[in-house]
Each structure stands twice: as C-alpha cells, then as structure tokens.
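Report on the following structure.
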Amino acid sequence: MFVDTRRVENGTVVETDVCIIGGGVAGITLALELEKQGIDACLLESGGFKADDETRDLYRGEGIGLPYHFSDGCRGRFFGGSSNCWGGWCRPLDPWDFEKRDWIAYSGWPFGLQVLAPYYERTHALLKLGPYNFDPAFWEAAIGRRDVRRVPLASGKVRDTISQFSPPARFGKLYRDTLARSRRIRTFLYANVLNIDTTGSARTVSRVHVVTLSGRTMYVSAKLFVLATGGIENARLLLASNKDQPAGLGNGNDLVGRFFMDHPRLQSGSIRFTKEWSRNKLYDIKYHYMNAAVAAHGTCIASQLALTPEVLKQERLLNARVWFASVFPGEGSEGAQALFRCKQALLHKEQAGWKLSRDLFTMISHPVHTVGYGYTRLFQPRSLIRDVKFQAIVEPEPDPNSRVTLSSSQRDRLGMSRVEVDWRPGKLAQRTFDRTFAILAEEMQRTGIAKVVLDPPIEGGEWPSSLEKEGTWHHMGTTRMHDSPKQGVVDRDCKVHGMTNLYIAGSSVFPTAGANFPTITIAALTLRLSEHIAKELRSASACFSKGALIGANFQHSPAPVDEQPVSAKTSSTAQPNFFVPANGK
Ligand SMILES: Cc1cc2nc3c(=O)[nH]c(=O)nc-3n(C[C@H](O)[C@H](O)[C@H](O)COP(=O)(O)OP(=O)(O)OC[C@H]3O[C@@H](n4cnc5c(N)ncnc54)[C@H](O)[C@@H]3O)c2cc1C
C-alpha cells in the first residue's frame with residue numbers, strides 16, 4: 001500500500017522489520033524481493049508519484065573543482081528515482097573490473113563476477129531485458145542484417161561488446177501496482193529521511209527521523225535499515241546523521257563520501273568510413289539507440305568497442321567503451337536543443353523547469369536549424385552527415401580526494417546541509433582516452449574500415465571543455481565495499497562496518513566502476529542483498545524463538561514509548577488508514 005506521509009498524524013512511530021530509505025531502482029527492487037519473501041518492510045520515498053520543484057530543490061548542491069552538474073536532470077527525486085529519466089543501457093561489469101590491478105590504486109572487489117552472475121541473470125526480468133547473453137556473434141546472427149555487422153578485429157588489441165536496452169524500465173510506474181497491492185510493503189511518499197538515529201555508541205540504528213515539506217514528523221523503527229538514496233545522497237545522509245558520531249555514521253575511518261566516481265565522457269577525432277562500412281548501424285550511437293533495426297528477441301541492443309584485457313594490462317590502462325557518433329546539420333544549435341527537449345518531454349523524461357511555450361518560441365525563432373536537425377534525425381540521410389566522431393566513456397580512477405562533503409554554509413529547506421562534490425576522474429583516465437582512441441584508430445585504418453584523424457592527446461593537460469559536465473549521470477563509490485573497515489565503508493554483504501543493522505544498496509558501494517552502466521549492477525547487488533537480509537532475519541528470529549537473545553546479529557530498539565502517541569502507534573498488523581490508491585487519485 002501507499003501512504004501519503006503528509007496525512008500521517010504528527011509524531012507517528014511506525015514499526016516494521018526492514019526500513020528501506022529511497023524508492024529508486026535499488027529501494028524498489030529490495031521491496032519487491034522482501035514482499036516475495038513475506039517480510040514486512042517500509043519503503044520511505046522523498047517524493048510523490050510525479051516530480052515537483054520543492055522536492056527537487058532538496059537535491060541541489062555545488063560542484064567544486066572540475067565543472068560538474070549533479071542536480072537538475074541528473075537525478076530524479078520522486079518515486080522511481082533516476083529510473084524516471086535513465087537511458088536503459090545495460091551491460092554487466094567485465095570479469096577484470098572486479099580484480100585487483102596493480103596499476104590502479106584501490107582497485108579490486110571482495111568477490112569476482114562469478115558471485116554476481118546468477119543475480120545479473122535475474123535482473124533481466126526486472127529490467128525487461130532480452131536473453132542473458134552478451135556475445136556479439138549471438139546478436140549479429142540473431143539480427144541478421146547486412147547493415148548491422150561486426151567489424152573485423154584481427155590484431156587481438158580491440159574487442160567488441162554488447163549492451164542491451166531496457167525499454168527503459170521506469171520503476172515507479174512499472175512496479176507501482178504491485179506495491180500498491182502489497183500487504184507486506186508500506187510505501188510512504190513525501191517521506192524525507194532527515195536523520196538516522198542510533199543507540200549503543202552509534203553501533204545500532206534505532207529509528208529514522210522522517211519529515212515532510214509540509215512540516216509533519218514521523219519515526220520508523222525497524223530491525224534492519226537499508227540506505228538506498230543514490231550514490232551522492234547515501235553519503236550525505238550518513239555524514240548528516242552526526243548526533244552521536246560527529247564525523248557521521250560509518251565514518252570512523254574518514255571514508256564516507258570519498259572515492260566519488262562518475263564515468264568521464266568525451267567526443268573526439270574525425271572518422272571517415274570506407275564505402276563498405278559507411279552504412280553500418282551497429283556502433284553508431286545515433287543509429288543504434290533504441291533502433292528497431294538493431295534489435296532481436298524483442299530487445300534493442302548496441303555495440304561498443306573496447307581494448308582487450310591483455311592490452312589494458314600491458315599498457316596499464318583503465319577500462320573504456322567507444323562508440324561512433326554521427327554529427328548532423330544544426331546539431332548543438334538552440335533550435336536543435338529545444339527540439340530535443342520536446343522529444344524528451346514526450347518520452348516523459350524528467351527535465352527540471354522545462355516549458356513547452358519557451359521551447360516552441362525558440363524553435364519558431366530558429367526554423368532552419370530546427371527543421372534541418374529534426375529532418376536529419378528522423379530520416380537519418382547519410383549524405384547529410386557532417387562528421388563522425390569517437391564517443392567514449394572511461395572507467396574513473398578511484399581517488400580518495402574525489403569526494404562528496406557537506407557544505408558548511410548551505411542548507412536545504414529541511415535544514416539538512418547541502419552537498420559539495422569535488423569530482424576528479426584522474427590522470428590515468430586521460431591517458432586511457434588517448435591510448436584507446438589511438439589504438440582503435442590504428443586498428444580501423446589497418447583493417448580498411450575507416451581513415452581517422454585524431455584530436456591532440458589530453459594527458460597531462462587540463463580536461464578539454466568537451467568533457468561532459470554531467471559525467472554520465474553515474475554517481476558511484478562514496479560508501480565503497482571492502483573487507484577491511486580501514487578501506488571500505490561496507491563489507492562484502494553491503495553492511496556498514498562497525499554497525500549491527502545498517503546496510504547500503506546502490507552504486508555508492510562500488511569500489512571500482514568499470515566502463516559499463518551501473519544500474520544492472522545495482523539491481524544485481526540488491527537482489528543479492530535481499531537474500532542476505534532474509535537470511536539474517538530468519539536466523540535472528542530462530543535465535544529469539546529459542547530464547548537465545550545473546551548472539552543475535554542485530555538489536556531492535558524501538559523508540560521510547562513516551563514519544564509515541566498511542567493513537568499513532570502502528571505496526572504491520574495495524575496499518576495506518578491513510579493510503580494513496582495506486583491510481584494516485
Ligand atoms: C539522464 C540519466 C540517464 C541515465 N542513463 C543510464 C543508463 O542508460 N544506464 C544505466 O545503467 N544507468 C543510467 N543512469 C543512472 C541510473 O539512473 C542510476 O544508476 C539508477 O537509477 C540509480 O538507482 P538508485 O535506486 O541507486 O538511486 P536513485 O534512482 O537516485 O533513487 C534514490 C531514491 O531515493 C530518494 N531519496 C533521496 N534522498 C532521500 C531521503 N533523504 N529520504 C527519502 N528518500 C530519499 C529519491 O527521491 C529517489 O527516489 C542514468 C541517469 C540519468 C540521470
């Protein structure tokens with residue numbers, strides 16, 4: 001069921017088994033799994049079913065250092081989270097992304113791909129993907145078109161990879177009815193978690209403090225708590241929960257907020273294909289994005305080029321992915337941008353402050369660029385392509401100085417410190433861009449696919465102005481996973497080191513990020529976490545039923561009774577009577 005927290009009696013204390021904070025991909029996935037396991041849970045979501053400006057404003061913060069945008073349009077703060085605006089690209093991490101690589105400081109996960117593989121497979125149903133198969137030969141054969149062909153890659157230096165597209169699954173819409181019908185999961189909308197309260201020298205979470213923008217207060221006490229508010233906000237909430245520990249929760253080793261990563265993204269060079277390859281759709285980001293011609297088994301796919309693991313090791317590089325990007329007339333003009341925003345609006349993507357009237361006016365004022373760009377994007381006449389560029393994303397280098405901190409001067413409307421983000425993709429990322437483009441250009445020229453003119457190398461200099469200011473909207477690493485509390489905020493089970501009942505779900509736990517899109521890995525890790533949580537609850541209840549309280553893995557410390565208005569005490573059996581029906585009316 002859904003509950004509108006703005007209509008909950010002030011001071012209500014809700015009791016449950018698992019309290020999930022944040023209703024994005026991670027939070028909703030966990031809620032769905034707990035429902036299947038018959039576990040009572042509360043899902044606390046800051047926003048409602050639709051985006052609103054007041055809630056969105058809670059996400060504002062400042063990029064310090066390298067220009068970096070992470071608020072409007074870069075994160076969604078309403079039910080479904082950033083799945084309300086994501087692009088749907090999905091590909092599991094490569095096996096070597098999990099390994100400790102001696103040329104990349106702080107690299108290595110506590111486990112390998114084989115541990116996540118069964119969960120990756122299960123994400124395909126959740127994310128509405130095709131068969132669990134990322135073999136380029138499989139997809140080339142399944143598509144079976146002359147203009148969707150793999151390029152020959154004979155040198156052993158370059159390989160091709162496949163990503164699948166989720167439709168994209170908008171979790172807030174897709175799973176709304178299931179959660180509305182659920183008797184186990186209570187989803188509280190407009191519920192902003194302001195603080196995580198602890199007992200026992202800040203080792204155990206007792207409850208979370210929830211407020212609404214309309215001024216209501218609510219508390220949720222639970223046996224286990226899971227933070228799933230996204231890669232930036234997970235760190236913010238831990239740092240801001242500093243009543244008992246001045247440095248914030250789980251921050252005994254000053255790691256929370258550090259190692260912030262996003263995938264740096266660049267366009268570069270100029271590619272002239274030979275006649276034989278000029279019509280190939282497989283690697284061109286403009287042609288293959290959700291293109292029905294590049295699809296099989298009901299799933300659109302895309303292919304990217306990458307260096308082989310042997311070359312990465314030999315050249316001591318980070319992982320990377322490269323596409324081709326056709327440049328059409330009018331691209332980048334005001335009219336083209338206005339047209340693009342209108343298309344995004346038609347696709348129901350969240351765009352802060354978007355106004356149809358303003359964009360219509362812009363398009364009318366720039367008719368040639370608007371119509372020219374619209375025509376070429378719609379019909380994609382190859383004769384009008386002005387240029388083709390490499391477009392690449394590179395694995396970010398884990399760096400403790402790349403970090404999310406709390407602002408000392410700026411607070412949001414709820415009184416919570418805003419964040420400052422100092423994004424540092426790293427010098428090795430620059431070299432990886434240079435070497436990846438150079439090796440790829442060499443391979444394409446040698447095999448007669450294209451002639452390539454490279455841009456000047458960027459290593460050692462400032463980042464070029466073409467570096468995308470939003471990164472790739474992938475916020476990762478701020479509560480990294482490591483077996484040692486000296487090197488990680490969470491352990492291999494995503495439990496916060498030194499705490500008995502606090503877990504983290506989402507890309508903030510990634511120790512390294514590879515060069516693939518994070519959401520499928522977020523979903524896989526969350527499915528794994530749900531099993532761990534179910535096991536913890538079962539073993540703890542077995543302990544309780546045997547009377548063996550000592551040794552249980554967590555403590556449940558309900559809020560003091562005198563703080564609970566009797567009429568407002570709620571539990572899973574006595575549910576509050578103020579639900580929001582699934583249709584939101
Ligand atoms: C434009 C764009 C394109 C993208 N494209 C892709 C792509 O193609 N492929 C890919 O893999 N990834 C993509 N991503 C990234 C992807 O969307 C995220 O990785 C994913 O959605 C993160 O899920 P999450 O549940 O961890 O966090 P979020 O989606 O950020 O969800 C967090 C939730 O917590 C809520 N919340 C926050 N603070 C609080 C609080 N204090 N109290 C209560 N609730 C709170 C928020 O409202 C939100 O609903 C894209 C992102 C953007 C913005």
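Values below: every heavy atom of this structure, side chains too, minus hydrogens, waters and symmetry copies. When a ligand or atom number is given, it counts from 1 through the structure's own listing order. Remember, predicted model here, so these are calculated numbers, not experimental data.
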Under a 4.0 angstrom heavy-atom cut-off, which atoms of ligand 1 come close to [X]?
X: S83; result: 21 (O)
X: L44; result: 43 (C), 44 (N)
X: G81; result: 29 (O), 31 (O), 48 (C), 49 (O)
X: C74; result: 53 (C)
X: C85; result: 1 (C), 2 (C), 3 (C), 53 (C)
X: A191; result: 42 (N), 43 (C)
X: G230; result: 27 (O), 30 (O), 32 (C)
X: G87; result: 3 (C), 4 (C), 5 (N), 6 (C), 7 (C), 8 (O)

Inset, instruction - Could you tell me whether ligand 1 has any atom less than 4.0 Å away from a heavy atom of G76? - result: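 The answer is yes: ligand 1 sits under 4.0 Å from a heavy atom of G76.
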Does any N or O of ligand 1 fall below 3.5 Å from an N or O anywhere on [X], backbone included?
X: G27; result: no
X: S82; result: yes
X: F78; result: yes
X: T472; result: no
X: I520; result: no
X: A26; result: yes
X: R75; result: no

Legend entry - F78 side chain near T55 side chain, heavy-atom distance below 4.5 Å: no
Legend entry - Heavy-atom closest pair, residues G87 and F165: O-CD2, 4.0 Å
Inset, instruction - Specify the closest pair of heavy atoms between N195 and A240, including all atoms of both residues, with the distance to one decimal. - result: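 It is OD1-O, 3.5 Å.
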Of the side chain and backbone of [X], name the one, both, or neither that has a heavy atom under 4.0 Å from an atom of ligand 1.
X: N192; result: backbone
X: P168; result: neither
X: Y59; result: side chain
X: E233; result: side chain
X: F79; result: neither
X: H474; result: side chain

Legend entry - Residues, nucleotides or ligands: over 12 heavy atoms within 6.0 Å of K469 NZ: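 Atom NZ in K469 is crowded, with more than 12 foreign heavy atoms closer than 6.0 Å.
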Any ion pair linking [Y] and [X] (charged N to carboxylate O, less than 4.0 Å)?
X: E54; Y: R6; answer: no
X: R341; Y: D359; answer: yes
X: E470; Y: R265; answer: yes

Inset, instruction - Cation-pi check, R176 to F79: give yes when NZ or CZ is under 6.0 Å from the six-membered ring centre and within 45° of the ring axis, no otherwise. - result: no
Legend entry - Donor on one side chain, acceptor on other, D284 and S326, under 3.5 Å: yes
Legend entry - Flag, side chain of D135 to backbone of W139, donor-acceptor distance under 3.5 Å: no
Legend entry - Residues in side chain to side chain contact (heavy atoms under 4.5 Å, CB included) contact with A515, at least two apart in sequence or another chain: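 Scan of A515 (side chain to side chain contact (heavy atoms under 4.5 Å, CB included), adjacent residues dropped) gives N319, R321.
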Legend entry - Which residues share a salt bridge (Lys or Arg N to Asp or Glu O under 4.0 Å) with E121, sequence neighbours left out: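 For E121 there are no salt bridge (Lys or Arg N to Asp or Glu O under 4.0 Å) partners, ignoring immediate neighbours.
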Inset, instruction - From the options R236, R77, R418, R56, select the one residue that forms a salt bridge (Lys or Arg N to Asp or Glu O under 4.0 Å) with D412. - result: R236
